[in-house]
2 protein chains.
Amino acid sequence: MGITIYDIAEAAGVSIATVSRVFNDNPRVSESTRAAVMEVADKLGYQPHASARSLARQQTETISAIVPMLSNYFYAEVLKGLQDRMAETSFDLLVYSAPTLDEVEGQLEKALHRGRSAGVMLFSAPVRDGLEQRLQQSDIPVVLVDCYHPAYDSISTDNRRGGEIAADYLLSTGVRNPAVLMANPHSVPASHRLEGFRDGLSRQGVILEEDHLIVSSMGYHDGFNEQAGYESMTALLEAGIKPDGLFATSDVQAIGAMEALRHSNMNIPEHIQIIGFDDLPIARYVGLTTLRQPMSEMGARAFELLMERMTRPASTVAHTVFAPTLIPRTTTREQVAV
Amino acid sequence: MGITIYDIAEAAGVSIATVSRVFNDNPRVSESTRAAVMEVADKLGYQPHASARSLARQQTETISAIVPMLSNYFYAEVLKGLQDRMAETSFDLLVYSAPTLDEVEGQLEKALHRGRSAGVMLFSAPVRDGLEQRLQQSDIPVVLVDCYHPAYDSISTDNRRGGEIAADYLLSTGVRNPAVLMANPHSVPASHRLEGFRDGLSRQGVILEEDHLIVSSMGYHDGFNEQAGYESMTALLEAGIKPDGLFATSDVQAIGAMEALRHSNMNIPEHIQIIGFDDLPIARYVGLTTLRQPMSEMGARAFELLMERMTRPASTVAHTVFAPTLIPRTTTREQVAV
DNA sequence: GGCCGTGATGTAAGCGCTTACAATTCGCTT
DNA sequence: AAGCGAATTGTAAGCGCTTACATCACGGCC
């Protein structure tokens, strides 16, 4: 069915080795035969067989990304950065989705199938015993995105610092009675953001009331969506709590919360000031003050780390931590002079 | 390095054929040997080699999706639907991105490498001569998503109808002087939406003024983003045009436009009513009236079509067209009684 | 004129798996 | 007790490619 190097070899009157050399840019082929082979190959529409190639070469040129949820804008943005960077190479990207933590192991298993991928990118999944063991035994290069483990290259944002900045900023704009909408209790990034926020407050003598913290009860990846934000905010209001500031652990939650506030006729930023996290493209267009994570840069950098590890497996582990930057918009007021 | 069936065979005292049979659920293996082989395989941590397998089997279990832009929420949602459906099978998903039309061919070339993928999903790319020829010569199953060609299975939304519905609805809520924000001139879906909208208007005796149509001048995939909407709307306003209704060819454009309107102190829906297209999750939280495309369903269905074509290559071409449904929210007014 | 180094090409042995076909075993039948 | 078929297992030939090694032709050298 398909054209093989045998066909080309026969038609061009050379051996298969020569054909193979031509397609591998091996210099030990004369210009004339190279041209002849290419001509025949073009005419026949020859395409090297991907599997045969990687089997013979003992290596693939595909990498796998294990992502909680493609339709989460954060991941989409990071993947975009990754893709753009990859497009300059001849690598292909395999995408697995693992909406719950339990599924991560299974998907990882697939991605780790021998000969499947040259490297793996694991998104937002805490590497615990089971996983670690699995990763260890197949010595495939791995880079962690949006999570951390001492033994693996990783790329993440300083979430604690982000929380602190949010706290400082909110306080500086006059907030005295803040609330927090946290995505879900199992999310490491969300926890860190909360911790940082708390610390930031307490450093200035403000404490976060326990009933001012709403933790979405959804699973692993969940809670990072508009609906969770909407529901959490609604719950807060229904409990009769009226904070004057709000820190949401993601932009989408903040946007959900904003809608809930609108329903309750609370004005932003007059009655309540809001700050999100991520700086999705949309944030700019709803005027949301937020902490930017350089998402597509994170993706690009993740790919670079992976390449580095692939070429030099023994190099020391590298952790890249980006500092989140504050993007003030109109859901918060002007900073009051100090 | 890796464990092979030879290792297993030796350790279990059987032949490689038997090991292979065990891993292929071939019934012609006794229960006892099967158990023995499995035990050894588990202990050694055996993993079949993906490339070797697909080479020997003469088939892969991966499909390729060629997508203009991962960070476009529409594609992210469709891919999610696709993934969810795929997760029930043992197929893997390879994602290629082709931000410009010129790049589609190149990416397709990669996806079409012999042995690379069992099927290809092409997103929003008009199939023209070059492409068609290429697809024809490699007889890999293809399904088109968000575009149409008589020769290939496809899945799309009735964009013309969507435009009509938008027009009808806007008129029914009292709009008399509508404007349109169109994503870009090369986008087939956007053109159809515009056509439908025009038809819908003229059927009721309203015509779309030429200067009330702003076409974003960005390339192929572009124009489908907030910024384009913002800029187009700003251009409209700066030209001194004050429409009382707005149809944007996508939700994100509508959201960009809303921000521009806010800057100009125009109230929605009092001064201007807005309708978008897609019904992204976010639309609900900004109160955007829009036309829903069942995005994740489209992805799921696309996968089914592809499977169908893979198992029965000669079956007749199927075109699935979803009807967009109107989702009235608060960027439009109540319908006036007829 | 024989020898040798060089560059171009060919031969053949894998890469790890599947699978047609052959071989073997074993329990029954006659 | 020999024979037979079914069930199980083994042998070996690929799948399409890469690549180490062998071969060959050729020109220059002493």
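A, B, ... follow the sequence lines: proteins, then strands. Residue 1 opens every chain.
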Task: Any A:Tyr6 side-chain N or O less than 4.0 Å from OP1/OP2 of D:dG14 - done: no
Task: Axial bend angle, the helix from C:dG1-D:dC30 to C:dT30-D:dA1: five-pair end segments, nearest 10° - done: 70°
- [ ] Between B:Asn24 and A:Glu31, name the one whose nearest nucleotide on DNA chain C is closer to the 5' end.
- [x] A:Glu31
TODO: Give one of base, sugar-phosphate or nothing for A:Phe23, where a contact means two heavy atoms less than 4.0 Å apart.
DONE: nothing
Open item on the list: Tell me whether the side-chain N or O atoms of A:Arg57 pair up with the base of D:dG16 as donor and acceptor below 3.5 Å, since no angle test is needed here.
Closed with: no
- [ ] Measure from CD on A:Glu10 to C1' on C:dT9 and round the result to the nearest Å.
- [x] 17 Å
TODO: Look at the side chain of B:Arg21 and decide which nucleotide, out of C:dC21, D:dT18, C:dT9, has an atom nearest to it.
DONE: C:dC21
Open item on the list: So if I apply the side chain to side chain donor-acceptor pair (under 3.5 Å) rule between B:His113 and each of A:Arg53, A:Gln47, A:His49, which one comes out positive?
Closed with: A:Gln47
Open item on the list: Could you tell me how far apart B:Asp25 (CG) and C:dT18 (P) are, to the nearest whole angstrom?
Closed with: 11 Å
Task: Whole-Å gap separating P (C:dG16) and CD (B:Gln47) - done: 14 Å
Open item on the list: The side chain of B:Arg28 is closest to which nucleotide in this list: C:dC17, D:dC17, D:dT8?
Closed with: D:dT8
Task: Separation of atom CD1 in A:Ile3 from atom P in D:dC15, rounded to whole Å - done: 15 Å
Open item on the list: Just the rounded figure in Å: distance from P of C:dC17 to NE2 of A:His49.
Closed with: 15 Å
- [ ] State whether A:Glu308 and A:Arg312 are salt-bridged, where the test is any N-O pair (Lys NZ or Arg NE/NH1/NH2 against Asp/Glu carboxylate O) under 4.0 Å.
- [x] yes
Open item on the list: By the 4.0 Å heavy-atom rule, please label B:Ser51 as base, sugar-phosphate, or nothing.
Closed with: nothing
- [ ] Compare side-chain N and O positions of B:Thr18 against OP1 and OP2 of D:dG10 and report whether any pair is under 4.0 Å apart.
- [x] yes
- [ ] Have a look at A:Ser54 and say if it touches a base, only the backbone sugar-phosphate, or nothing, with a 4.0 Å heavy-atom cut-off.
- [x] nothing
Open item on the list: Treating A:Ser187 as the side-chain partner and A:Asn184 as the backbone partner, does any N or O pair qualify as donor plus acceptor under 3.5 Å?
Closed with: no
TODO: Kindly point out which of C:dC17, D:dC17, D:dG10 is positioned nearest to the side chain of B:Arg114?
DONE: D:dC17
Task: Closest to side chain of B:Ile5, choosing from C:dT19, C:dC17, C:dT9 - done: C:dC17
Open item on the list: Less than 4.0 angstrom from a charged side-chain N to a carboxylate O is my criterion; do B:Arg134 and B:Glu109 meet it?
Closed with: yes
Open item on the list: Is the shortest side-chain heavy-atom distance between A:Ile66 and A:Met121 below 4.5 Å?
Closed with: no
- [ ] Ignoring the backbone of B:Ser15, work out which of C:dC15, D:dT11, C:dC21 is nearest its side chain.
- [x] D:dT11
Task: Gap between atoms CD and P, on B:Gln58 and C:dG16 respectively (whole Å) - done: 19 Å
Open item on the list: Between A:Arg301 and A:Glu304, does the salt bridge (charged side-chain N to carboxylate O under 4.0 Å, His left out) criterion hold? Intermediate values first, please.
Closed with: CA-CA 5 Å; A:Arg301 187 87 189 84; A:Glu304 280 160 17; 3.3 Å; yes
Task: Along DNA chain D (nearest heavy atom to each residue), the more 5'-positioned of A:Arg53 and B:Thr33 - done: B:Thr33
TODO: Could you check whether the rings of A:Tyr73 and B:Tyr73 sit parallel, tilted or perpendicular, using 30° and 60° as the cut-offs?
DONE: parallel
TODO: When you get a sec, tell me which of D:dC17, D:dT9, C:dG16 is the closest nucleotide to the side chain of A:Ala56?
DONE: D:dC17
TODO: State which of D:dT11, D:dT18, D:dG16 makes the closest approach to the side chain of A:Ser20.
DONE: D:dT18
Open item on the list: Are the side chains of B:Lys110 and B:Tyr96 in contact, using a 4.5 Å heavy-atom criterion?
Closed with: yes
TODO: Kindly check if the number of other-residue, nucleotide or ligand heavy atoms within 6.0 Å of CD (A:Gln59) is above 12?
DONE: yes
TODO: Please report, rounded to the nearest Å, how far the P atom of D:dA12 is from the CD1 atom of B:Ile16.
DONE: 11 Å
Task: Spacing between A:Asn26 atom CG and C:dG7 atom P, to the nearest angstrom - done: 13 Å
Task: Residue closer to the 5' end of DNA chain C, A:Ala17 versus A:Pro27 (nearest nucleotide) - done: A:Pro27
Task: Closest listed nucleotide, where the reference is the side chain of A:Leu55 and the choices are C:dC15, D:dG10, C:dT11 - done: C:dC15
